[in-house]
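Protein chains get the first letters and strands the later ones, always in sequence-line order, with residue 1 at the start of each.
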Amino acid sequence: MKYASVIVDVQAMQTDRAFDYKVPEEWQQLVSPGMRVIVPFGPRKVQGFIVELKNQTDYEKLKSISDLVDLTPCLTTELIELGQWLTEKTLCFKVSAFQAMLPAAMKAKYEKVIRFIGDELEALPFTIRPFFEGKIEVDLKDIEQVASFREIHKEIECGNLEVIYKVKQKTNKKTVKVIKASETFSALSEHLSAIPANAKKQHDIIHYFITNRLNEIPLQLLLSETKASDTTVKALISKGILQEENREIYRDPYENREFEKTNPLPLNEEQQQAIGPIIHAIDKKLHEVFLMYGVTGSGKTEVYLQSIDKVLKEGREAIVLVPEISLTPQMVHRFKGRFGSKVAVLHSGLSTGEKYDEWRKIQRKEVQLVVGARSAIFAPFEKLGMIIIDEEHESSYKQEENPRYHARDVAIYRGKQHNCPVVLGSATPTLESFARSQKGVYKLLTLKERVNKRNMPSVEIVDMREELRNGNRSMFSASLMDKMTDRLNKHEQTVLLLNKRGYSSFVMCRDCGYVNGCPHCDISLTYHLRGQQLKCHYCGYEEPLPNTCPECESEHIRYFGTGTQKVEEELVKILPEARIIRMDVDTTNRKGAHEKLLTKFGQKQADILLGTQMIAKGLDFPDVTLVGVLTADTMLNLPDFRASEKTFQLLTQVSGRAGRHELPGEVVIQTYTPEHYSIQLSSQYDYDSLFRHEMQLRKTHAYPPYYFIALVTVSHPDIMKVVSVTETIVQYLRRNVANDTRILGPVASPIPRIKDRYRYQCMVKYKRDNDLHITLRKILEHFQQEMTTNQLMISVDLNPNTMM
DNA sequence: AGCACGCCGACT
DNA sequence: GTCGGCGTGCTC
């Protein structure tokens, strides 16, 4: 007898363990760990993951697995173990860990159906009766529209109705019907004579098979080619001459797209030195972490491509992570161009179904390389030869919901399991990674030169306070104006970055200082030109733009801050002849809009590309010779100890967009704090100094990489409750952490209220604290009941990326 | 998380 | 006396 340990799809602390089930006789040979199954769980049915098969169990009254969902495991043994590791590292539920590894399409959906099992339809109340006229099963949702649950319940108790719990899949494999000939062509010819002469279409179909020497053909194609109808085909199938089969097909997001084949480029001296140790590690199957620190344009990608080539030639597989790849279609081109059909692409721009199909290609070992965003790190490869994380410093590698994992940590874990190298690449590495490379934990590979030997574009810092004193009240400094006009005349292109994060346009009364805030969140509402609305970015609350101040009824109510829309308006005024493309959430939320806009810009159908963060990454257009940063310092004022680091990274990256090819580039950075070191140092491309300066600060303030951080956030509609719970947590932590661990708080979160819930937090700074995970878990367990019954929420983020 | 069970108040 | 509220505890 075989028993299966199953992790059920119920996200709760009490169910966060394996439950044992009997494996029915007929599936004993089929089952294996990593498969999804449907199991009875209490009165209902749920999906679950088999994590173990065993011949023994402690539990006596076992139920049986009711269904198999997979015929091949969707989780490899390695991934099952990785799930265990993830739950420990991020304090999440086991199911959540497994679900994070799989495409969303594979998450189960649950529905309840009511079936009539009585004798007389008349026995049902008249409200319910009509539903069952002509059918036995009805969706509970439909009946609930007219009847109360209690009414239905009564019928269940007296045996007229029953509830059936159904588990459904979100998306399924897309299939086409394929028609095959059952026998050889000579046998087909013989069949011809047996077919009645008046069945002309049947003859046509058989002839079609014979003359075209067809083994199989999609049904649709066969019908259109022979002008036959499907009944004719059915007749032949029932005669056994033809066979029908459902064949899985892939929704290919890159269908109909040609990718120009590219060949390896010769590597320069630096690149060769960088690739050497990587190739060595691949060859010798060594787990090593490399930090490839290479300035923008130094040819990191070519090093990736050639290392991958080596991995694939050895018959192994590779994962390449890129930050939100839809932002860099150019990147997809480079990988598809070099490795063609060996590549699967996974990113947020794909539909659920497309993502599922790409994942299936990996599972079925039809590809050897996956290029994708964060979650692609879980690609179910079994012979990994290398993992690459490009733009290692990008914050999108950290998932901001449970499980709060960092792709870099997962990559290193998997690298160890597979004995393969992990390559982290960046022009502006995180302090954490660079510090590790200094300590020799990671091996540092440096690329100092740009491949085309071009210098980095020269950077001019403009003091906007000075501009204001000189009477320039616009958002463009005189210098930036000059240069934009100049580019326009020379038919060169400009990229304008509006660094908006943490600083959106809000409405303020000039007389009394009143700011329109969200009634549910402690945050000011954001002004949206479209529809003249004020919107809350946290809960979605909307209200119309007021004409007068709600507080003092003054008419001097204005919006402050600058949105891309407003910049665009002003640009149109001062440079009427310029063609502008604006890229922000509003213009890119449609699928493919992003790529379209970029293509348009690339084809020089516009002179200026104006956008937020999203334009800072990976764009490479030869005619861009000017980059303007409208307000460099907005990010600096955020309550985030990484603010300076992030500002430096952003400025360096966006500067790298200029002058990548023949034409030299220039950068203008506008700021109100020109003296700030991260602005100064980014203008000199001086990462080393930034590293030293910032490390000093992190040391004095006990921040990463000197200390690890854990952030506990408590929220509840009642502020008193929040404060007291956070206080309790802090006290408990103080009593149970290591000596050199520091506890800060309780304090109100930077956004003290979201969706009518008050938020408090406490920060744990620790160096080595082996029991901290256990202590934190105990806290969660202690409040578990209140978290389910009372509206309490406690979230723990280990190594948070943001303090918000 | 869901769902059943079980124990109390307010109604036919 | 029952209906219907919510606290409690279990799910292989």
Side-chain angles (χ1 to χ4, degrees), chain A residues 1-25 27-28 31 33-69 80 87 91-100 104 107-115 125 127 139-141 143-144 147-159 161-168 170 401-403 715-717 721 777 780-795:
Chain A
M1 194 58 164
K2 257 191 200 168
Y3 303 102
S5 283
V6 174
I7 302 291
V8 291
D9 181 18
V10 180
Q11 300 195 21
M13 215 159 264
Q14 289 156 308
T15 52
D16 189 33
R17 61 191 175 88
F19 289 83
D20 288 353
Y21 288 88
K22 282 192 274 198
V23 181
E25 192 58 42
W27 293 331
Q28 300 247 332
V31 285
M35 283 181 180
R36 290 171 301 159
V37 286
I38 312 275
V39 291
F41 197 62
R44 54 203 171 121
K45 285 194 172 151
V46 295
Q47 193 175 83
F49 295 90
I50 301 180
V51 287
E52 200 192 340
L53 288 171
K54 46 193 189 182
N55 298 314
Q56 238 186 302
T57 176
D58 307 329
Y59 200 82
E60 296 188 354
K61 296 175 294 247
L62 287 191
K63 292 185 185 174
S64 289
I65 290 174
S66 25
D67 240 317
L68 299 183
V69 182
I80 295 173
T87 53
L91 302 176
C92 72
F93 301 130
K94 292 178 182 71
V95 238
S96 316
F98 291 145
Q99 260 152 18
K107 220 177 137 178
K109 275 199 312 190
Y110 299 96
E111 63 185 40
K112 280 173 281 187
V113 169
I114 306 294
R115 178 188 277 169
T127 44
D139 273 8
L140 175 62
K141 270 187 232 134
I143 306 185
E144 267 181 333
S148 69
F149 191 72
R150 204 149 285 276
E151 211 173 343
I152 301 164
H153 225 255
K154 218 185 202 167
E155 297 305 314
I156 292 167
E157 286 199 337
C158 60
L161 299 177
E162 74 173 335
V163 188
I164 297 172
Y165 297 87
K166 291 205 170 173
V167 184
K168 294 203 163 178
K170 272 195 173 152
E401 62 215 45
N402 274 330
S715 76
H716 191 276
K721 182 73 192 167
R777 198 171 267 280
L780 290 175
E781 275 164 22
H782 179 262
F783 288 103
Q784 171 217 321
Q785 202 167 23
E786 281 195 85
M787 283 163 67
T788 46
T789 57
N790 191 346
Q791 301 198 46
L792 185 67
M793 269 199 336
I794 302 174
S795 86

Just grab all the salt bridge (Lys or Arg N to Asp or Glu O under 4.0 Å) pairs involving residues 33-62 of chain A, residues at least two apart or on different chains. A/D20-A/K54, A/R36-A/D70
Distance in angstrom units between A/K154 NZ and B/dA4 P, rounded: 17 Å
Under the rule for ring pair (Phe, Tyr, Trp, His ring centres under 6.0 Å), what residues qualify as partners of A/F19, not counting sequence neighbours? A/F41
Check the distance between B/dA1's P and A/E786's CD and give it to me in whole angstrom. 14 Å
Excluding sequence neighbours, so at least two apart, what forms side-chain hydrogen bond (donor to acceptor under 3.5 Å, both in side chains) with A/R115? A/E137
Between B/dA1 (P) and A/Q791 (CD): distance, integer Å: 12 Å
Rounded distance in Å - OH (A/Y165) to P (B/dG2): 11 Å
With A/Q28 via side-chain contact (heavy atoms from CB on, under 4.5 Å) - residues at least two apart: A/M1, A/K2, A/V23, A/E25
Give, for atom CZ of A/F783 and atom CG of A/L792, the distance between the pair rounded to the nearest 0.5 Å. 7.0 Å
Treat primed atoms plus P, OP1 and OP2 as sugar-phosphate and everything else as base, then score nucleotides 4-12 of chain C 5' to 3': B for base contact with protein heavy atoms under 4.0 Å, S for sugar-phosphate contact only, - for none. S-----BBB
Between A/H153 (NE2) and C/dC3 (P), how many Å, whole number? 14 Å
Which whole-number value in Å describes the distance from A/N790 CG to B/dA1 C1'? 17 Å
CD1 of A/I50 to CD1 of A/I65: how many Å apart, nearest 0.5 Å? 4.5 Å
Nearest 0.5 Å, please: how far is NE2 in A/H716 from CE in A/M793? 10.5 Å
Is a side-chain N or O of A/S96 found less than 3.5 angstrom from the main chain of A/N402, in a donor-acceptor match? no
Just the table, please: protein N/O against nucleotides 8-10 of chain B N/O, every pair under 3.5 Å.
none

Take the protein atom CG of A/D9 and the nucleotide atom P of B/dG2, then report the distance between them rounded to whole Å. 9 Å
